[in-house]
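Below is one structure, written out as structure tokens; comments come after it.
Values in this document were obtained by computation on a predicted structure and should not be read as measured data. This chain uses plain numbering: 1 for the first residue, then up along the sequence.
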Amino acid sequence: MADDAGGRRGAERRIGWAKLMARAKQILTTDPTGTDADDDVVADAGAAALAREAARHRGGLAKVAQRRAYQAGADADVGRAGREQLATLWDQVPPISAAATSAVVAAELGRAPGALFATWEATPIAAASLGQVHAATDGDGARWAVKVQYPAVADALRAELASTSFVRTLAGAELGGHLDDAALATVRTAITAELDYREEAEGLRRFATAWADDPVIRIPAVDLARSSARVLTMARAPGTPLARWRGSTEATAVVATAIARFAWGSPLAHGILNIDPHPGNFLVEDAALGPRLWCLDFGGHLALPDEVVAADREIWWGLVDDDVFRGAERFRLGLARVGLLARTDRLATSAHRAWEQLLAAPLAPGGMAWTPAYAEALAAQFAEVMAAGAVSVPASVVMLWRQRLGVAAVLGRLGATVDGRAVVVGLIGRGLGALR
């Protein structure tokens with residue numbers, strides 16, 4: 001594992017060389033008539049190199065790889081083969097040794113895993129950017145998932161985050177190039193917070209309380225007595241990772257709707273945000289009464305200020321208003337209040353209108369079938385209006401909109417129809433008495 005940003009820069013150079021060599025080979029050997037596969041050659045070579053380097057370095061580079069495995073828009077310059085390689089980084093990073101894991105647990109909790117649990121599986125059940133997860137049980141049969149942070153990954157990630165250009169990369173291609181210093185600082189702080197598993201335990205508690213009565217959404221319980229800054233013990237969630245789960249059309253719609261409710265409703269209804277929605281952070285349990293969605297990984301979470309939540313609700317209330325003119329006024333008032341509307345003289349431009357239409361599409365009566373094409377168009381249009389100076393993303397909402405672009409890409413992969421209007425109204429109503 002790299003111990004400083006120099007390791008990440010070396011990795012980036014090797015990725016660049018892999019793409020250059022693939023391009024050279026393509027020029028020399030590709031049929032000049034061209035095929036669809038030819039378009040992916042260079043991107044997939046870069047993805048393969050990124051997957052290798054991310055598996056070696058973990059940390060921030062692994063986070064970039066995880067995002068590019070599913071993200072739409074400018075981050076999606078990867079073919080199918082490249083995405084499949086990058087997707088392994090969601091939960092299949094090469095693990096550290098059993099001895100190294102045991103040493104971290106002993107240093108944090110005072111005893112080795114074998115003394116803390118009745119059984120402990122030395123081979124992890126998942127391994128991602130900052131840590132790996134081990135299965136364990138108690139004598140009474142209680143099943144646990146224990147996340148153990150990689151040694152030295154904290155110093156490596158902090159060194160990577162000292163680079164402004166790398167923080168822009170982690171923010172995502174659509175947003176990163178247009179963020180001011182305050183917004184970049186917010187991204188840096190949010191990602192750094194993932195290193196403290198005590199914060200994640202608090203996130204699990206907050207989200208479990210918020211969604212305690214939901215029939216589909218589930219959040220694992222935490223064992224605080226066996227958790228610390230670098231070890232997190234949670235109830236082991238049953239189910240299949242979302243990326244590998246296959247359900248009926250009806251079941252997929254239930255899961256997609258639950259993801260929308262969780263991702264939109266946590267900030268809108270509960271004022272909290274889980275910043276990383278990649279597919280590796282969801283499990284689907286095929287229960288007798290229908291699928292259940294287990295939401296995992298709350299290392300990056302935020303409590304949103306009341307004024308941000310209030311302004312954000314105005315945006316969504318505007319989008320679900322049956323009165324087109326009143327809804328448009330309300331929507332734009334919300335944009336202005338939250339700081340997204342940078343220049344009112346750009347409201348009439350075709351780029352801005354296209355962006356508003358894409359935002360509104362999932363909330364049309366009857367719902368919308370989510371597709372990768374929609375997610376890509378939304379991300380691309382967001383980038384266009386930001387580049388034109390019509391829209392800005394201030395520090396107060398940068399993680400919120402980063403998350404929403406990610407959720408759009410996840411839902412696009414599922415390809416299900418979601419009645420977004422019903423979801424929003426069910427979460428926060430229509431707010432007809434709130435507008436002044």
Side-chain angles (χ1 to χ4, degrees), residues 58-59 62-63 90-91 93 95-158 189-212 217-239 262 266 270 272-276 280-283 294-303:
R58 304 181 177 91
K63 288 187 173 296
W90 290 334
D91 59 6
V93 172
I96 61 174
S97 69
T101 303
S102 182
V104 172
V105 174
E108 290 291 304
L109 302 180
R111 289 182 289 168
L116 290 164
F117 300 94
T119 67
W120 172 270
E121 293 186 15
T123 300
I125 55 176
S129 59
L130 302 182
Q132 60 192 43
V133 181
H134 293 261
T137 64
D138 286 336
D140 61 1
R143 302 168 74 242
W144 301 100
V146 186
K147 183 158 74 168
V148 182
Q149 193 172 110
Y150 303 127
V153 76
D155 290 341
L157 181 61
R158 290 190 179 100
T189 299
I191 293 175
T192 302
E194 295 184 44
L195 294 167
D196 189 345
Y197 290 175
R198 293 168 299 191
E199 285 294 315
E200 182 167 0
E202 174 60 17
L204 283 159
R205 185 196 65 78
R206 285 180 175 178
F207 282 83
T209 299
W211 295 101
I217 296 168
R218 297 287 186 274
I219 313 293
V222 179
D223 181 354
L224 291 175
R226 289 182 289 192
S227 298
S228 69
R230 294 193 296 160
V231 177
L232 179 64
T233 299
M234 304 162 283
R236 185 174 176 182
F262 175 74
S266 293
H270 305 291
I272 50 180
L273 172 70
N274 191 28
I275 69 174
D276 197 353
N281 288 340
F282 298 107
L283 297 179
W294 286 87
C295 303
L296 311 176
D297 197 342
F298 293 83
H301 73 278
L302 300 170

task: May I ask you to decide if Phe298's main-chain N or O and Glu200's side chain share a donor-acceptor pair within less than 3.5 Å?
output: yes

- request: Output all residues satisfying side chain to side chain contact (heavy atoms under 4.5 Å, CB included) with Ser97, sequence neighbours left out; order by chain, then residue number.
  value: Ala99, Ala100

- prompt: Which atom pair, heavy atoms only, marks the closest approach of Pro220 to Met234?
  reply: CB-CB, 4.2 Å

message: When you compare the side chain of Lys63 with that of Leu130, does any pair of heavy atoms fall below 4.5 Å?
response: yes

task: Examine distances only and state if a side-chain atom of Arg206 and a backbone atom of Ile272 form a donor-acceptor pair shorter than 3.5 Å.
output: no

task: Search all heavy atoms of Ala201 against all heavy atoms of Leu232 and return the closest pair with its distance.
output: CB-CD1, 3.9 Å

- request: Could you tell me the separation between the CG atom of Leu283 and the CG atom of Leu296, rounded to the nearest 0.5 Å?
  value: 4.5 Å

- prompt: By salt bridge (charged side-chain N to carboxylate O under 4.0 Å, His left out), which residues pair with Arg218, not counting sequence neighbours?
  reply: none

- request: For residues Phe117 and Val146, report the shortest heavy-atom separation together with the two atoms involved.
  value: CZ-CG2, 3.6 Å

query: Just by modelled atom types, is the Arg230 backbone N or O under 3.5 Å from a matching donor or acceptor in the Glu108 side chain?
result: yes

query: Which heavy atom of Ala154 sits nearest a heavy atom of Gln149, and at what distance?
result: CB-OE1, 3.9 Å

query: So does Glu202 pair up with Arg198, basic N to acidic O under 4.0 Å?
result: no

field: Non-hydrogen side-chain atoms of Pro124 and Val133 separated by less than 4.5 Å
entry: no

- line: Rounded to the nearest 0.5 angstrom, the OG-CG distance for Ser102 and Leu116 is 9.0 Å

Derivation and outcome, side chain to side chain contact (heavy atoms under 4.5 Å, CB included), residues Asn274 and Asn281: CA-CA 11 Å; Asn274 191 28; Asn281 288 340; 5.6 Å; no

- request: Identify, with sequence neighbours excluded, every residue that meets salt bridge (charged side-chain N to carboxylate O under 4.0 Å, His left out) alongside Asp297.
  value: Lys147

- prompt: Quick one: are Val104 and Pro151 in side-chain contact, heavy atoms under 4.5 Å?
  reply: yes

Minimal non-hydrogen separation, Ile217 against Cys295, with atom names: CG2-SG, 4.1 Å

statement: Taking every heavy atom of Ile125 against every heavy atom of Ala135, the minimum-distance pair comes out as CG2-CB, 4.0 Å

field: Exam field: side chain Tyr150 to backbone Gly131, donor-acceptor pair closer than 3.5 Å
entry: yes

- request: Determine the sole option in Thr119, Asp138, Thr233, Asp223 for which the side chain to side chain donor-acceptor pair (under 3.5 Å) test with Trp144 is passed.
  value: Asp138

task: Taking the side chain as every heavy atom from C-beta outward, state whether Gln132 and Val93 have any atom pair closer than 4.5 Å.
output: no

Distance in Å, His134 NE2 paired with Thr101 OG1, rounded so as to fall on 0.5 Å steps: 4.0 Å

- request: Side-chain contact test, heavy atoms from C-beta onward, threshold under 4.5 Å: evaluate it for Leu204 versus Ile219 and give yes or no.
  value: yes

His270 and Trp211 aromatic ring geometry - parallel, tilted or perpendicular at 30°/60° bounds: perpendicular

field: Heavy-atom check, side chain of Leu195 versus side chain of Arg158, under 4.5 Å
entry: yes

message: Just so I know, are the side chains of Val222 and Ser227 near enough to count as touching, which here means a heavy-atom distance under 4.5 Å?
response: yes

- request: Could you check Ile275 against Glu194 for side chain to side chain contact (heavy atoms under 4.5 Å, CB included), going step by step and ending with a plain yes or no?
  value: CA-CA 10 Å; Ile275 69 174; Glu194 295 184 44; 3.9 Å; yes

